[in-house]
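For clarity, every value in this text was computed on a predicted model and none was experimentally measured. Here is the naming used below: chain letters follow the sequence lines, and residue numbers restart at 1 for every chain.
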Number of protein chains: 4
Amino acid sequence: MNVNDFLQAHPRSLSNIEKVTACVKACYACSEACTLCADACLAEQEVADLQRCIRICLDCAAICETTGQVVARQTETDYGLLRPQLEACVAACNICAKECENHAGKHKHCQLCATSCSACEKACQELLAAL
Amino acid sequence: MNVNDFLQAHPRSLSNIEKVTACVKACYACSEACTLCADACLAEQEVADLQRCIRICLDCAAICETTGQVVARQTETDYGLLRPQLEACVAACNICAKECENHAGKHKHCQLCATSCSACEKACQELLAAL
Amino acid sequence: MNVNDFLQAHPRSLSNIEKVTACVKACYACSEACTLCADACLAEQEVADLQRCIRICLDCAAICETTGQVVARQTETDYGLLRPQLEACVAACNICAKECENHAGKHKHCQLCATSCSACEKACQELLAAL
Amino acid sequence: MNVNDFLQAHPRSLSNIEKVTACVKACYACSEACTLCADACLAEQEVADLQRCIRICLDCAAICETTGQVVARQTETDYGLLRPQLEACVAACNICAKECENHAGKHKHCQLCATSCSACEKACQELLAAL
């Protein structure tokens, strides 16, 4: 999916296209990663030790998906709405990355998810800094 | 849907059940309202004058849906994740209520949506105050 | 949330308003119920015995939320898209109701969720029959 | 996002990993594409001629996002739930591709979206054939 091609095709002249592109990609990728990690955790024998990881991943998946949508839209963007949602995404990704890092030695899916969460946190922060 | 009955049936002892119940209900109701308002705006003859209303309603629908999910979950809640998402929902509902109020005289669906957004903003603020 | 008031305020003349209203309400209620049930199951001591229930509830929550949105929209509805999504929702609700019924004696949240799923299955079927 | 790496890290032995990977990627990509196309259409001067395109894209975005989630999960998969959701996604992508092709000569974003929808339709069909 080339987000950049879509943004180039938008009828309005947009700003921060590179950072928006990076942020949208990171949000959708992190939403997928968190969905996959929650599901893999649920199938682990020690699922009872992964309750917090599953819960945080489910929240983070939903928050990233919504943030990806909100960032992707370029028609009549309201920064008063966009900024707090990006901040919520930064917080969720930071907390989810830390939780998954706790299990990264034991579970490869938690390691992969932590990497996606950290990348998404960074992309949201960079877009926030550019707004 | 009786959210309160579900929370009473949760295996953990929960706090703020009344405010959580009110907030979950308000978030899902506002997500529905914003989805319905965006769709009705799209069918209006003067859709070109409602571009901002449609865009804000779509964002607010997604943010309320995600916030409703995050608030509903009671297993291993992390306030560091919950608070910013509630704040993002307060901001989105406030902006969407104001936008819909601009069209409330002309469009009954905008009037109804503004009411749902204001109710959701208030429910999120009351839960935030109780955390 | 009065879905019916919104539909009355839609600029186009709509058909099946009663059944659409009932279906939208049931879909959003079932999405909430499945989110709450998955979360309560995750907190149960015997979470390892509830893996299937959690997974099905997560799927059913997402499917009902999407179906609720698709049914709610009244602008340029395409029955070729609407019908299969309603059928997918009927299938998900039927399977989730059965899964939750298996645990209804032990867990009140599963009993409540089964009831919501059955109500949603019925509302989708009644709308399908009316299209 | 490397879906395949996640699936390799899943505690259960999975089948159809390649087709599942392709389908999850295509669903998330199509959800992004439809979100971006609906938003770009909304900003076009002739938005009144794009009402159907916007509505179908919004539905298709939600359906692909949900289908992506359902396909991604590998714990206790129920084919009775998975199949109809894949079929709903095939229908939505087929209809959305056709709608966007109508505007592809005028709007590059519709052309890009039609391509994503067709790719997603194909990926869902190939997974359906393999189940």
Checklist outcome for this item: Under 4.5 Å to a heavy atom of chain B? For C:Q8 that would be neither
Checklist entry - If you check every heavy atom in residues 43-51 of chain C against those of chain B, which residues fall under 4.5 Å? => result C:A43, C:E44
Checklist outcome for this item: Looking only at B:C37, B:A38, B:A29, B:S31, most heavy-atom pairs under 4.5 Å shared with chain C are made by B:A29
Next on the checklist: I'd like to know which of B:H107, B:R12, B:K108 tops the heavy-atom pair count under 4.5 Å against chain C.
Outcome noted: B:R12
Next on the checklist: At under 4.5 Å between heavy atoms, what parts of residues 17-28 of chain C are in contact with chain B? List them by residue number.
Outcome noted: C:V24, C:Y28
Checklist outcome for this item: From the list C:C41, C:A40, C:P11, the residue making the most non-hydrogen contacts under 4.5 Å with chain B is C:P11
Checklist outcome for this item: For C:A33 and B:M1, the nearest pair of non-hydrogen atoms, with its separation, is CB-SD, 3.8 Å
Next on the checklist: I need the contact set between residues 68-86 of chain C and chain B: heavy-atom distance under 4.5 Å, sorted by residue number.
Outcome noted: C:Q69, C:A72, C:R73, C:Q74, C:T75
Item to check | B:D5 and C:H109: CA distance, side-chain angles, deciding distance, side chain to side chain donor-acceptor pair (under 3.5 Å) verdict | outcome: CA-CA 8 Å; B:D5 287 352; C:H109 48 84; over 6 Å; no
Item to check | Residues in residues 110-131 of chain C near chain B [non-hydrogen atoms, under 4.5 Å] | outcome: C:L112, C:C113, C:S116
